[in-house]
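Take a look at the structure below.
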Amino acid sequence: MTEEEFHRMEQADLREAVLDTLTDISEVQVDMEKPVADRVEEYVQKVGNPFLVRVGEYAVKIGYSGGQETLEDRMKQYIRKIAEIKY
């Protein structure tokens, strides 16, 4: 994969996604015995665009961060943000 292809996949617009054309990642299996680099390659080969996938009946846009925050940190931030929303 070229850097240009990678950037194009990363910039894919969720609003333009066609659900039936996306890979449902809940059905993707990767050989966990392989080294990490090989697992990543296998996953990308199976899903096509690792930034725009399907989970059941939902299209999901995935972003990757180089930061040090954990998923738990992010979930706490998300819950605080939702708690601030006034209906």
Side-chain angles (χ1 to χ4, degrees):
M1 169 186 325
T2 67
E3 188 173 331
E4 183 179 310
E5 290 171 321
F6 181 82
H7 184 67
R8 184 177 38 78
M9 288 189 290
E10 185 177 27
Q11 297 303 315
D13 190 339
L14 177 62
R15 296 168 293 187
E16 296 175 5
V18 177
L19 190 63
D20 292 337
T21 65
L22 300 176
T23 301
D24 189 340
I25 61 170
S26 62
E27 299 173 0
V28 173
Q29 294 183 1
V30 175
D31 183 354
M32 299 304 285
E33 299 295 320
K34 292 181 177 181
V36 173
D38 293 342
R39 287 184 282 179
V40 170
E41 184 178 340
E42 181 181 350
Y43 176 78
V44 171
Q45 286 177 353
K46 288 183 176 184
V47 300
N49 183 347
F51 298 98
L52 190 57
V53 296
R54 176 179 175 169
V55 179
E57 294 301 314
Y58 298 96
V60 177
K61 175 75 177 189
I62 298 173
Y64 298 94
S65 171
Q68 298 298 319
E69 293 178 312
T70 65
L71 177 59
E72 184 176 337
D73 295 335
R74 290 293 188 163
M75 290 303 294
K76 287 176 183 176
Q77 290 173 358
Y78 174 72
I79 291 168
R80 277 191 226 109
K81 188 176 220 175
I82 293 298
E84 293 174 3
I85 295 175
K86 303 209 188 307
Y87 293 94

Checklist entry - Are Ile25 and Leu22 connected, step by step, through hydrophobic side chains (Ile, Leu, Val, Met, Phe, Trp, Tyr) whose heavy atoms are closer than 4.5 Å? => result no
Item to check | Shortest non-hydrogen contact between Gly56 and Ser26, atoms and distance | outcome: N-OG, 4.4 Å
Checklist entry - From Asp24 CG over to Glu57 CD, what is the distance, rounded to the nearest 0.5 angstrom? => result 8.0 Å
Checklist entry - When rounded to the nearest 0.5 angstrom, what distance separates CG in Leu52 from CD in Gln11? => result 12.0 Å
Checklist entry - Is Leu14 reachable from Phe6 through a run of hydrophobic residues whose side-chain heavy atoms are each under 4.5 Å from the next? => result no
Next on the checklist: As a quick check of understanding, evaluate salt bridge (Lys or Arg N to Asp or Glu O under 4.0 Å) for Arg8 and Glu4, giving each step before the final call.
Outcome noted: CA-CA 6 Å; Arg8 184 177 38 78; Glu4 183 179 310; 6.0 Å; no
Checklist entry - Could you state the interatomic distance from OH (Tyr58) to CG (Leu19), rounded to the nearest 0.5 Å? => result 10.5 Å
Checklist entry - Is it true that a side-chain atom of Arg39 and a backbone atom of Lys34 form a donor plus acceptor pair closer than 3.5 Å? => result yes
Item to check | Glu69 atom CD, neighbour heavy-atom count above 12 within 6.0 Å | outcome: yes
Checklist entry - When rounded to the nearest 0.5 angstrom, what distance separates CD in Glu10 from NZ in Lys61? => result 7.0 Å
Item to check | 4.5 Å side-chain heavy-atom contact, Val55 and Val60 | outcome: yes
Checklist entry - Going through the distances and angles, do Asp20 and Arg54 end up as a side-chain contact (heavy atoms from CB on, under 4.5 Å)? => result CA-CA 9 Å; Asp20 292 337; Arg54 176 179 175 169; 3.9 Å; yes
Next on the checklist: For Thr2, is there any backbone N or O sitting under 3.5 Å from a side-chain donor or acceptor partner on Glu5?
Outcome noted: yes
Next on the checklist: Main chain of Thr23, side chain of Lys46: is a donor-acceptor contact present, judged purely on distance under 3.5 Å?
Outcome noted: no
